[in-house]
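Structure first, commentary second.
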Amino acid sequence: MDRKDVGILAMDIYFPPSCVQQEALEAHDGASKGKYTIGLGQDCMAFCSEVEDVISMSLTVVNSLLKKYKIDPKLIGRLEVGSETVIDKSKSIKTWLMQIFEESGNSDIEGVDSSNACYGGTAALLNCVNWVESNSWDGRYGLVVCTDSAVYAEGPARPTGGAAAIAMLIGPNAPISFESKYRASHMAHVYDFYKPDLASEYPVVDGKLSQTCYLMALDSCYRQFCNKYEKIAGKQFSICDAEYFVFHSPYNKLVQKSFARLYYNDFLRNCSSVDDDAKEKLQSFSNLTGEESYQSRDLEKASQQVAKHLHDIKVQPSTLLPKQIGNMYTASLYAALASVLYNKHDSLNGQRIVMFSYGSGLTSTMFSLRLNNGQHPFSLSNIASVLDVTEKLQSRHEVSPSRSCLSFTCF
Ligand code: ACO
């Protein structure tokens with residue numbers, strides 16, 4: 001069986017039609033003007049009303065993807081779900097989705113749920129890709145679903161909520177294929193964000209620690225990614241070797257800082273991606289210890305400033321949906337990928353996208369995707385058209401923070 005270019009053949013996204021403007025939320029929360037919009041970099045936050053949850057969102061997105069791409073449900077051989085919004089400690093969301101396959105008589109579908117904060121979707125995706133590349137593959141498609149409703153207790157984390165579900169069809173000859181050798185992970189034991197109270201949907205979160213853990217994991221993945229690339233390709237990797245960088249996006253400011261951090265890494269590795277002017281501006285930070293570098297506000301500012309021109313080209317196209325919807329936990333990274341596909345689908349042929357997935361606790365992986373135009377219906381232009389992002393965003397209704405219900409908790 002042909003196994004070339006295994007990856008994402010098709011994708012669709014569902015997000016709730018109800019949303020809160022971050023500007024209105026700032027005023028409602030008594031936060032200073034600009035704190036959520038400029039400080040966190042967010043525009044709007046989607047939330048599940050009382051008639052939907054992670055299961056209904058995932059049923060909707062899977063039905064939609066199968067219908068729009070005219071996929072016979074019998075052709076799905078593996079279904080993996082990534083989610084951290086636990087509805088039941090034993091019964092998986094995947095089993096709920098099996099209802100979609102009942103009528104066709106297809107019960108021969110491997111896979112269950114993967115759960116580790118925002119990383120579960122990536123675990124599900126890697127499982128499906130590995131399955132198609134393995135001896136166990138039976139020639140059918142894999143299907144990955146990322147579904148989460150991110151809600152926080154009242155306080156500084158609340159504006160970093162959001163909700164969405166994404167479905168991705170996996171198989172060979174994909175327009176978005178994995179460069180499987182270019183993959184690096186960083187896993188560790190940390191309590192930065194966790195859900196010890198099983199009766200509450202809110203996490204316990206140490207916001208500052210989670211930011212540092214995220215950036216430390218990013219550094220570690222990038223270092224190992226570069227080492228592996230250099231061994232295989234025989235040349236140095238720098239941010240100039242990928243057209244786009246797509247990050248897990250809890251809120252936009254962290255994404256800006258993350259790209260600046262990659263730029264700083266390139267500076268420390270003396271890469272040609274860093275010009276002389278930037279070298280001069282970063283010179284005074286060259287001898288900081290790792291720990292000092294995470295705490296340095298001056299370094300953060302200087303590296304964001306020198307990386308800005310590349311950020312605008314290589315990162316900004318991925319920010320549309322995360323800024324409009326908020327943190328979608330497992331779906332967040334893939335909504336950012338969907339934004340690139342939506343914004344740039346007609347110029348992606350032959351290009352590389354580097355992805356960074358982070359889940360608190362912590363698990364993280366950096367991996368590389370290679371794009372080609374593909375063939376209808378599995379083409380980049382059809383993926384962009386099926387995603388139908390503009391229409392989905394425009395048909396939302398804004399709810400005032402005083403009337404909105406974030407999941408079970410009303411303001
Ligand atoms: N205008 C412009 N900017 C402002 C304003 C204002 N009026 N007020 C504050 N700011 C800026 C701050 O300077 C800061 O910017 P900086 O990051 O460049 O320093 C930013 O807004 C955030 O303000 P802080 O006071 O530093 O942080 P806050 O107490 O609001 O908490 C946090 C932010 C930690 C992100 C919180 O929302 C949180 O805990 N979120 C959940 C955890 C999270 O998302 N972690 C990320 C990785 S793990 C995961 O994905 C869940």
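Both counts, for ligands and for their atoms, begin at 1 and track the order of listing. Just so you know, these numbers come straight off a predicted model, no measurement behind them.
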With sequence neighbours excluded, residues passing salt bridge (Lys or Arg N to Asp or Glu O under 4.0 Å) with R352: E179
Per-residue contact class, C118 against ligand 1 - non-hydrogen pairs under 4.0 Å: side chain
Whether Y229 and F225 hold their rings parallel, tilted or perpendicular, with breakpoints at 30° and 60°: parallel
Polar contact flag for Y214 and ligand 1 (N/O pairs, less than 3.5 Å): no
Geometric class of the Y334/F367 ring pair [parallel <30°, tilted 30-60°, perpendicular >60°]: parallel
Heavy atom of the protein closest to atom 22 (C) of ligand 1 (residue, atom name, distance): L40 CD2, 4.0 Å
Option passing side chain to side chain donor-acceptor pair (under 3.5 Å) with S83 (candidates D148, T147, T330): D148
Winner among G361, G207, C213 once heavy atoms are compared against atom 34 (C) of ligand 1: G207
P156 N/O to ligand 1 N/O under 3.5 Å: yes
Nearest-contact summary for atom 3 (N) of ligand 1 - protein heavy atom, Å: G39 CA, 3.3 Å
Atom 12 (C) of ligand 1: any protein heavy atom closer than 4.0 Å: no
Minimum-distance protein heavy atom relative to atom 41 (C) of ligand 1: T160 OG1, 3.4 Å
Location of contacts on K33 toward ligand 1, heavy atoms closer than 4.0 Å: backbone
Region of D192 that comes within reach of ligand 1 [heavy atoms, distance under 4.0 Å]: neither
Nearest-neighbour protein heavy atom for atom 19 (O) of ligand 1, which is reported as residue plus atom name and distance: R297 NH1, 2.5 Å
For ligand 1, the portion of S360 having any non-hydrogen atom under 4.0 Å away: side chain
Modelled atom types, side-chain donor and acceptor of S293 and R261, under 3.5 Å: yes
Shortest non-hydrogen contact between P175 and I383, atoms and distance: CG-CD1, 4.1 Å
Output field: ring centroids Y214/F356 closer than 6.0 Å: yes
Side chain proximity check, K301 to Q305, heavy atoms < 4.5 angstrom: no
Close approach, K257 and ligand 1, non-hydrogen under 4.0 angstrom: yes
Nearest-neighbour protein heavy atom for atom 24 (P) of ligand 1, which is reported as residue plus atom name and distance: K208 NZ, 3.6 Å
Candidate pair V306 and F267, rule side-chain contact (heavy atoms from CB on, under 4.5 Å), full reasoning: CA-CA 11 Å; V306 291; F267 160 74; over 6 Å; no
Option with minimal heavy-atom separation from atom 32 (C) of ligand 1, where the choices are K253, H248, Q211: Q211
Heavy-atom nearest neighbour in the protein, as seen from atom 43 (C) of ligand 1, with distance rounded to 0.1 Å: S210 OG, 3.7 Å
Protein residue, atom and distance nearest to atom 44 (O) of ligand 1, heavy-atom basis: P250 CB, 3.4 Å
Residues that E23 engages under salt bridge (Lys or Arg N to Asp or Glu O under 4.0 Å), provided they are two or more places apart: K33
